[in-house]
Each structure stands twice: as C-alpha cells, then as structure tokens.
Novice: 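Below is a structure I'd like to ask you about.
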Amino acid sequence: MKTSNNISDKPEKDDFGLDFIRKIIVEDIRTNKNEGRVHTRFPPEPNGWMHIGHAMAIYLSYSVAQEYNGLFNLRFDDTDPSKESMDYVEAIKEDVQWLGAEWEDRLYFASDYFEKLYEFAVALIKAGKAFICDLSVEEIREQRGTLTEPGVNSPYRNRSAEENFDFFTRMREGEFEDGSKVLRAKIDMTSPNLLMRDPIMYRIKRVSHYRTGTEWIIYPSYDFTHGESDAIEGITHSLCSLEFETHRPLYDWFIDELLALGTLKHKPRQIEFSRLNVTYTITSKRRLLELVKGEYVSGWDDPRMPTIAGMRKRGFPASAIRTFLGRVGVTKREKNIDVGLLEACVRDELDKEANRVLAVLNPLRVVITNYPEDQVEHLEIPNHPKDESRGTRKVPFSRVLYIEQEDFMEDPPKKFYRLTPGREVRLRNAYFITCTDVKKDESGKILEVHCTYDPNTRGGSSPDGRKVKATIHWLSRDHALKAEIRLYDRLFNREDPLGLLDYNSDSLKSIIGYVEPSLKEAKPATHYQFERVGYFFADPEEFTKKKLVINRTITLRDTWARIKKQLPQPKKKKQKIKK
RNA sequence: AGCCCCAUAGUGUAGUGGUUAGCACCUCAGGCUCUGAAUCUGAAGACUCCAGUUCGAAUCUGGAUGGGGCUGCCA
C-alpha cells in the first residue's frame with residue numbers, strides 16, 4: 001500500500017467507460033482521500049428475504065471493494081426488534097455467500113453499537129443538538145408540516161441540555177411508557193427536506209431484541225444508526241439505492257456534528273444508485289408475501305420467486321446472476337431490465353457448465369420393427385459435445401423407444417422437418433430411423449409409431465454421407481427412469497405485474513417424465529441440459545435416488561416455436577385471430 | 001404544490017467540445033450444424049424539446065417537457 005503517489009503523471013482518462021461510482025472511487029484514490037482506502041458494506045435488515053434487487057446491491061459493493069483492493073463488510077442493520085430474527089440473519093448470510101461476496105471476518109451488527117450510539121446521542125444532547133420530545137406520534141406528524149408548508153417547532157424543543165440528558169437517561173432506565181417520549185435531533189422545522197425537520201433519533205420500544213434481548217428498551221432509528229455505523233467501521237463509500245437520496249443531508253448532518261464534537265473521526269460518503277427492476281417480476285415485499293401466504297408459491301424459496309434463494313433452487317448459477325448484474329450496469333436512471341437478459345445469461349453459463357443427457361417429457365412410443373426383440377445396445381454418448389474432457393456415458397438402446405410427442409406429426413406443415421410418415425430422421429447419437437406406420441386407437445389417437453432403422457448408421461452418421469434434416473432425442477422405454485419434473489415458467493404473465501392479478505397460473509406444471517438411467521447416479525444440485533429441451537437442475541433438497549425431483553431452470557431457445565406461431569393456424573376450431 | 005434526482009435505438013449501457021454516436025440483449029434475414037441449441041455473418045433501430053455559448057454541442061449554460069423520490073416513533 002505504501003507505493004509512491006505520483007498523482008501528476010497519472011493518465012487522466014483511465015476512468016473511461018466506468019460507471020459513475022467507480023469514477024468517484026478512482027478520483028478518491030487519486031487524491032488520496034481516506035488514505036486511498038476503499039471500504040464498502042452491505043447493510044441488510046434481518047427481516048426478510050433477499051431478492052434480485054439486493055443481489056445488485058451486494059454485488060456492487062463487493063465487487064467495487066475487490067476491484068480497488070478494498071474491504072467489504074456484511075452488517076446487519078437491526079434496529080427494529082419487532083420484525084427481526086436470527087433466522088433471517090442466517091438466511092441472508094447464506095445468500096450473500098452464495099452470490100460470492102466474501103466478508104471474511106467482518107460480520108457486524110448495528111446492535112453491537114447500541115452502547116456507542118447511546119454515547120453519541122448523549123454527546124449530541126449535551127451539545128444542544130438533540131432534545132427529548134413528549135409529543136405523541138400524531139402530534140409530531142401534524143407539526144411536521146407538509147411538502148409545501150413548513151413545520152412548527154415542538155414546545156419541548158428548548159429544554160435545557162441537563163433536562164434532556166436527565167430524561168434520556170431515564171428513558172433508557174425504563175421510566176417512561178412506550179411512545180411517550182422520543183429523542184429528536186434539533187435541526188430545522190422549516191427545511192424543505194422533511195427528513196431534516198427534527199427527525200427522531202430514539203424511540204421507546206419494550207420489545208425483546210433477537211440479539212440484545214431485554215437489555216435495551218430504547219432503540220435508535222435508521223437515520224441515527226446507519227451513517228454512524230458506517231463511520232465506526234471506517235466505511236469509505238456507502239452505496240445505497242436512490243430512495244435514500246433525501247436521507248443524505250441527514251446522514252451528513254449527524255456525522256458532521258459528531259465530527260465537530262470529536263466523537264467521530266471518520267466521514268464516509270453515501271452514494272446512491274438506481275435500484276434494479278426486472279420485467280415480469282416483482283420485488284415488493286408485501287406483494288411477494290401475498291403470493292406466499294396465499295400459497296400461490298411453495299415459499300420464499302420457490303423457484304419462481306425473484307429471491308436469491310428461489311433463483312438458487314431454480315438452478316440459476318450465481319455466476320450467471322453476476323454477469324447479468326455486470327451487464328446491467330450502475331446509473332441513477334430508473335431501470336426496468338428485460339428478464340430475457342437474465343435468462344440469456346443463465347443459458348450462456350449453463351451451456352458451458354451443464355452435461356447433456358436425454359430425457360423425454362411427453363413420451364410417444366416408437367417401435368423399431370427391424371430391431372431384434374431382445375437386443376439391447378449400450379451406446380457411448382459424449383457428455384458435452386463441445387468439451388471432450390467431460391467424457392462419455394453409456395445409454396441403452398432397444399426395440400421400443402420413447403420420443404417426444406411433438407417430434408412427430410402425421411400431417412405436418414411445410415416447415416416441420418422432424419419425424420413424419422415416410423421420412424428419415426436421426427435419433428441423437430444413435431441411428432437413422434424411417435417412419436413406416438402409425439398405429440391409432442378407434443378415436444384416432446396415435447398410440448405408437450413404427451419405424452425401421454438403418455444398422456449402418458450406428459452412432460448417428462451414415463457411411464454413404466446421406467443427410468437427414470432433423471435429429472431428435474429418444475429413450476429406451478424399458479430402461480427409462482421416471483422423474484418428477486417441475487416445469488417452471490415466469491411467475492407473472494404481464495411485463496409490468498401488479499401482483500396477484502397477474503399471477504401466471506401456468507407458471508408451474510409438475511409432470512412425470514422420463515430420463516436416461518445415468519440420472520440415477522446424479523447428485524442433488526447439479527445442472528443438466530436435457531438435449532433439445534432445456535436446462536434442468538436436480539433439486540438441492542428433494543432429489544434422491546428413489547425419487548428424481550428435477551426443476552426446469554430454463555428452456556432452450558426455441559426457434560421452432562416461433563416459426564410455429566407464424567404458421568397459418570390449423571383450422572380445428574374456429575379461432576378468433578387476434579391483432 | 002415545495003425540495004431533490006433522472007433523460008442516448010424496444011430494453012440496458014458507452015460516449016467527458018470535432019466519432020460513419022460504440023456495445024449487449026431483443027427483433028429480422030442468411031451461413032454452419034448429430035441439439036430448430038450453440039456458433040458465425042448481415043440488417044433494422046437512438047441523442048426529449050427550445051434557446052444560448054462556440055468555427056463546431058449527445059457533450060457546456062438557461063428554460064421547457066416528461067419520468068421518479070420525499071409528509072413511519074420502518075429500513
């Protein structure tokens with residue numbers, strides 16, 4: 001760290017392309033502010049689940065610290081005991097860790113600073129900067145004024161420092177009722193910023209705190225805790241979302257006063273960035289709670305939820321979330337990111353990571369009529385077509401197979417080039433087969449399809465160089481394993497969902513599908529690509545050898561589905577053409 | 001209504017007085033392919049407006065317009 005500081009010969013434009021926060025940091029380092037240190041923090045309140053928006057805050061603060069050789073703290077902002085719990089602390093730690101943000105030994109709690117905060121408050125009281133106010137909640141609200149009218153001074157505003165100190169001591173000792181007195185900062189009741197109108201610093205709350213128990217009955221407010229905690233920890237850049245912008249003058253006021261009194265020695269800088277909104281998702285705690293309470297989802301970690309726990313269970317890799325966040329960037333504009341971008345990042349990552357296997361979601365029986373009745377072959381199939389080092393596995397092949405229902409059409413449209421009567425296609429990594437016959441029941445429902453195979457195409461290529469237009473996936477019927485497959489889709493069917501009203505009732509379809517035998521050896525929490533179908537994830541908790549529970553993370557990009565949509569509608573029923 | 005913040009393709013972002021205004025996702029067309037995947041090539045697509053400063057403005061200044069935030073003893 002003790003490098004020579006030749007500030008002058010630093011190239012000026014090395015901050016090109018950086019976001020505005022990193023520019024500030026680069027400049028601060030250049031001018032040796034905070035002795036060139038960078039120290040950030042993520043300050044969740046342990047009263048709820050972390051979601052994609054929090055992920056952005058975590059990732060930003062952490063990666064900024066990383067990039068500039070700084071430190072990153074995890075600090076729980078636990079000043080409202082009525083809603084907080086240790087369970088949330090543990091869940092949040094897991095989420096933060098999973099995302100890849102490391103706090104090392106710097107795990108802190110604002111509640112550890114209660115004594116210090118109390119002393120800070122006393123210092124402010126003694127300096128005449130804070131007073132005990134006996135007004136009720138309603139009276140304080142009335143006297144605060146409105147957006148356009150100034151507030152009026154509390155009648156208790158001019159109590160002497162001694163009296164204030166005495167009251168504050170007795171507040172702590174439990175002499176007064178909850179709500180009967182508060183400690184307020186003495187700032188300016190006419191400020192156009194409502195937060196500066198003598199804001200509350202301490203309130204009496206006889207609620208047991210999940211960490212400090214009944215030790216305290218007075219608790220500091222967010223505004224009087226957050227900045228002070230930052231200062232105590234030596235935070236240099238306190239990054240938060242835009243809604244705290246109007247709090248900044250107050251953040252600064254407390255610290256400046258404490259600095260002037262010599263109580264504090266360090267001043268962090270709060271910088272606000274716009275929060276992340278994603279299409280087809282909601283992050284409002286209240287709205288999400290409705291889904292949980294109404295059992296529209298299985299819980300806060302339901303794979304459809306935008307929570308970090310939900311995305312984890314869904315099978316979104318942390319690295320995909322990180323690249324997503326990186327692509328989104330940091331600004332102060334309101335953003336509404338296309339969920340497609342997140343999905344693209346997930347596919348991108350999984351294409352590299354996931355081994356390929358064969359699975360059939362909706363089976364259609366295929367009989368290879370020229371294949372010997374009792375024969376079983378074990379075909380060697382690569383685990384990843386782009387990565388030989390991942391090796392191969394054996395997949396059984398026999399006379400009776402399953403293929404995907406939608407890979408066969410008796411009377412196909414022009415652009416359909418999968419299996420159809422008379423046509424030859426390839427079974428992935430197996431054989432060329434030609435459809436010879438279609439068996440139906442009396443009602444016309446297709447029961448099975450008869451095909452012949454070409455023994456010379458073993459492995460999937462023909463010696464005569466003959467081409468087929470399509471390759472489809474398959475499974476040997478007698479060897480296929482049943483699996484509970486949960487097909488997840490977007491939780492809402494509206495780009496800008498309001499809540500329950502836009503709930504997508506098709507967002508989960510649980511089906512029994514078939515997978516190749518190798519899946520029996522799968523470990524929970526591993527990613528697979530079901531070839532031609534999508535990316536799937538062995539459920540971290542529920543997947544066992546006996547019961548294969550598999551979540552669909554995301555479908556493959558499906559060009560055929562789009563072509564199909566553009567095709568003239570088959571005239572089964574009269575359909576009203578929308579447009 | 002008062003104060004504060006924001007404004008570049010559909011979306012997100014780069015651009016810091018001279019650029020054919022760059023990139024990513026999306027969209028469309030095509031190539032390649034044992035995944036209609038991946039990949040490759042190409043196309044379409046933007047500086048909110050009005051004044052001012054300047055030889056020259058997306059960029060600086062002023063105003064307008066549009067969007068967002070703020071009236072918890074929540075964070």
Novice: Does A:Arg144 place a side-chain N or O at less than 4.0 Å from the phosphate oxygens OP1/OP2 of B:rG72?
Specialist: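 A:Arg144 to B:rG72 OP1/OP2: side-chain N or O found under 4.0 Å.
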Novice: Is there a side-chain hydrogen bond (donor to acceptor under 3.5 Å, both in side chains) between A:Thr283 and A:Arg275? Walk through the geometry before answering.
Specialist: CA-CA 11 Å; A:Thr283 47; A:Arg275 49 179 297 164; 3.3 Å; yes
Novice: Would you classify A:Asn193 as touching base, sugar-phosphate or nothing, given that sugar-phosphate means primed atoms plus P, OP1 and OP2, and contacts are heavy atoms under 4.0 Å?
Specialist: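 Since no nucleic acid heavy atom lies under 4.0 Å of A:Asn193, the category is nothing.
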Novice: What about A:Lys467, does its side chain sit under 3.5 Å from the base of B:rU33 through a donor-acceptor pair?
Specialist: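 Check fails, no donor-acceptor contact within cut-off.
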Novice: Is the phosphate of B:rG36, meaning OP1 or OP2, less than 4.0 Å from a side-chain N or O of A:Lys415?
Specialist: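 So the side-chain polar atoms of A:Lys415 never come under 4.0 Å of the phosphate oxygens OP1 or OP2 of B:rG36.
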Novice: Decide yes or no, distance alone: a donor-acceptor N/O pair under 3.5 angstrom between the base of B:rA38 and the side-chain of A:His384.
Specialist: no
Novice: Answer yes or no as to whether B:rA75 has its base stacked against A:Tyr222, where stacking requires a ring-centre separation under 5.5 angstrom and planes under 30 degrees apart.
Specialist: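 A:Tyr222 vs B:rA75: stacking no.
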Novice: Kindly give the heavy-atom pair with the smallest separation between A:Pro268 and A:Ala231, and that separation in Å.
Specialist: CG-N, 3.7 Å
Novice: Any side-chain N or O of A:Arg347 below 4.0 angstrom from OP1/OP2 of B:rC26?
Specialist: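 It does not, given that no N or O in the side chain of A:Arg347 lies less than 4.0 Å from OP1 or OP2 of B:rC26.
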Novice: Rounded to whole angstroms, how far apart are CG on A:Leu250 and P on B:rC70?
Specialist: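 Spelled out: CG on A:Leu250 to P on B:rC70 is 16 Å.
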Novice: Has the side chain of A:Arg562 got a donor or acceptor that lies under 3.5 Å from a partner of the other kind on the base of B:rG36?
Specialist: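 In this structure, the two groups form no donor-acceptor pair.
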Novice: Please state whether the phosphate of B:rU71, meaning OP1 or OP2, lies under 4.0 angstrom from any side-chain nitrogen or oxygen of A:Arg197.
Specialist: no
Novice: Between B:rC73, B:rA1, B:rU27, which one does the side chain of A:Arg557 approach most closely?
Specialist: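 Nearest nucleotide to the side chain: B:rU27.
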